Visitor: 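First, the structure itself, so that you have it in front of you.
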Amino acid sequence: MAIKPSAIFSVFTFASLGLLTNMASAQSWEPLFNGKDLTGWHTQPGGEWKVVDGVIVGTSASSERRHGLLVSDRELTNFILRAKFRVREGNSGLYFRAEETDTNVAVRGFQAEVDRSSAVGGLYETAMRGWVRKPDPDVIENIVTHGEWVNITVTAIDDDVTVSLNGTTVTELLGDKESLKKGRIALQLHGGQNMHVEFKDIAVLKLP
């Protein structure tokens, strides 16, 4: 049976991903958050985003029905994105390759789930397919302590996406033709919930 070139590419890409990351110099990683203010980002109405002691803090009341977002000015295609998050209260998300829309949820596209449940790190596609992949709850229980800082890494290369938490891959989606392949990074405040979520150390390594 002939092996499709795309399959070879996917295997090569993820097999060499660790090497790619290790070879990247400190200068290759570009910060998306300067640690001081929200330069390089803009908001979609709902809740409040501010910087406190080098941390992006998002808060919202349950009376707010809109999904408040902090959206990157830049668009990205293929990349490795890393950040740290801490969920004090509510349901958040780390959008990537997202497209802004004039709707109550403000975007469409993938988010890596950011919350205090066993679904954290899963892939949810807002205004499109909904849940696409969820992690193994047993894995999440072993590697995540809810309410504490969690390291998240999202790798998006063409049709392939992986999400890692604290150095462990928890969600993988390969050969997906339906998702958006270019868009913005965004941090979410879920409407209709009391929200308090924090992000820091957001950086991206752009890939070909």
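It should be emphasised that the depicted structure is a prediction, and the values quoted were computed from it without experimental measurement.
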Visitor: Indicate every side-chain donor-acceptor pair of residues 79-89 with a distance under 3.5 Å to a residue at least two apart or in another chain.
Guide:
| from | atom 1 | to | atom 2 | distance (Å) |
| --- | --- | --- | --- | --- |
| Arg86 | NE | Glu198 | OE1 | 2.9 |
| Arg86 | NH2 | Glu198 | OE1 | 2.8 |
| Arg88 | NE | Glu198 | OE2 | 3.4 |

Visitor: So do the side chains of Val139 and Val144 get within less than 4.5 Å of each other, counting heavy atoms only?
Guide: no
Visitor: What are the two closest heavy atoms between Pro45 and Arg66, and how far apart are they?
Guide: CB-NH1, 3.3 Å
Visitor: Quick check for you: to the nearest 0.5 Å, what is the distance between Thr171 atom OG1 and Ile140 atom CD1?
Guide: 6.5 Å
Visitor: Would Lys200 pass as a cation-pi partner of Trp149, given that its NZ or CZ must be under 6.0 Å from the six-membered ring centre and within 45 degrees of the axis?
Guide: yes
Visitor: Please determine, by modelled atom types, if Thr162 and Thr169 share a side-chain donor-acceptor pair under 3.5 angstrom.
Guide: no
Visitor: Determine, using the 4.5 Å side-chain heavy-atom cutoff (strictly less than), whether Val150 and Ile143 are members of one ILVMFWY cluster.
Guide: yes
Visitor: I'd like to know whether Leu76 forms a side chain to side chain contact (heavy atoms under 4.5 Å, CB included) with Lys182, so could you lay out the CA-CA distance, the side-chain angles of the two residues, the decisive distance to 0.1 Å, and finally the verdict.
Guide: CA-CA 6 Å; Leu76 297 168; Lys182 180 180 180 179; over 6 Å; no
Visitor: Using the side chain to side chain donor-acceptor pair (under 3.5 Å) rule, take Asn166 and Thr168 through it: C-alpha gap first, then chi angles, then the decisive distance, then the call.
Guide: CA-CA 6 Å; Asn166 291 334; Thr168 298; over 6 Å; no
Visitor: Return each pair, listed once, that meets salt bridge (Lys or Arg N to Asp or Glu O under 4.0 Å) where at least one residue sits in residues 137-150; pairs must be two or more places apart or across chains.
Guide: none
Visitor: In sequence, state the C-alpha distance, the side-chain angles, and the governing distance for Leu189 and Val197, and then conclude on side chain to side chain contact (heavy atoms under 4.5 Å, CB included).
Guide: CA-CA 8 Å; Leu189 295 172; Val197 64; 3.8 Å; yes
Visitor: Taking Thr103 for its side chain and Ala106 for its backbone only, find out whether a donor-acceptor pair lies under 3.5 Å.
Guide: yes
Visitor: Does some side-chain heavy atom of Asn151 sit less than 4.5 Å from a side-chain heavy atom of Leu165?
Guide: no
Visitor: Considering all heavy atoms of both residues, which atom of Asp160 and which atom of Gly175 are nearest to each other, and what is their separation?
Guide: OD1-N, 2.7 Å
Visitor: Using side-chain heavy atoms (C-beta onward) and a distance below 4.5 Å, is Phe96 in contact with Arg184?
Guide: no
Visitor: Is there a donor-acceptor contact under 3.5 Å from the side chain of Arg97 to the main chain of Gly109?
Guide: no
Visitor: Which residue, Val170, Val120, Leu94, forms the side-chain contact (heavy atoms from CB on, under 4.5 Å) with Ile152?
Guide: Leu94
Visitor: Taking all heavy atoms of Ser92 and all of Phe199, pick out the closest pair and write down the distance.
Guide: OG-CZ, 3.8 Å
Visitor: Quick one: closest heavy-atom pair of Val154 and Ala112, and the distance?
Guide: CG2-CB, 4.2 Å
Visitor: May I ask you to test the Phe33-Thr39 pair for a side-chain heavy-atom distance under 4.5 Å?
Guide: no
Visitor: To the nearest 0.5 Å, how far apart are CG in Asp158 and CG in Asn78?
Guide: 4.5 Å
Visitor: To the nearest 0.5 angstrom, please state how far the CD atom of Gln193 sits from the CE atom of Met195.
Guide: 6.5 Å
Visitor: So, for Thr101 and Val107, which heavy atoms are closest and what is the spacing to 0.1 Å?
Guide: OG1-N, 3.3 Å
Visitor: Say you draw a straight line from CH2 of Trp41 to CZ of Arg74; how long is it, rounded to the nearest 0.5 Å?
Guide: 10.0 Å
Visitor: Determine which pairs satisfy side-chain hydrogen bond (donor to acceptor under 3.5 Å, both in side chains) with at least one residue from residues 117-131, sequence neighbours left out, and list them in order.
Guide: Tyr95-Thr126, Gln111-Thr126, Asp115-Ser117, Glu125-Arg129, Arg129-Asp176
Visitor: What residue pairs, at least two apart or across chains, pass ring-ring contact (aromatic ring centres under 6.0 Å, His included) with a residue in residues 52-72?
Guide: His67-His190
Visitor: Report the distance from atom CG of Leu69 to atom CD1 of Ile185, rounding to the nearest 0.5 Å.
Guide: 12.5 Å
Visitor: Please identify each residue that fulfils salt bridge (charged side-chain N to carboxylate O under 4.0 Å, His left out) with Asp159, with sequence neighbours left out.
Guide: Lys177, Lys181
Visitor: Got Val71 and Thr43 here, is their nearest side-chain heavy-atom distance under 4.5 Å?
Guide: no
Visitor: Taking all atoms of both residues into account, what is the closest heavy-atom pair of Ser62 and Asn194, and its distance?
Guide: N-OD1, 3.0 Å
Visitor: Could you grab the distance from atom CG of Leu207 to atom OG1 of Thr155, nearest 0.5 Å is fine?
Guide: 7.5 Å
Visitor: Tell me, which pairs form a side-chain hydrogen bond (donor to acceptor under 3.5 Å, both in side chains) where one or both residues lie in residues 44-57, sequence neighbours left out?
Guide: Gln44-Glu100
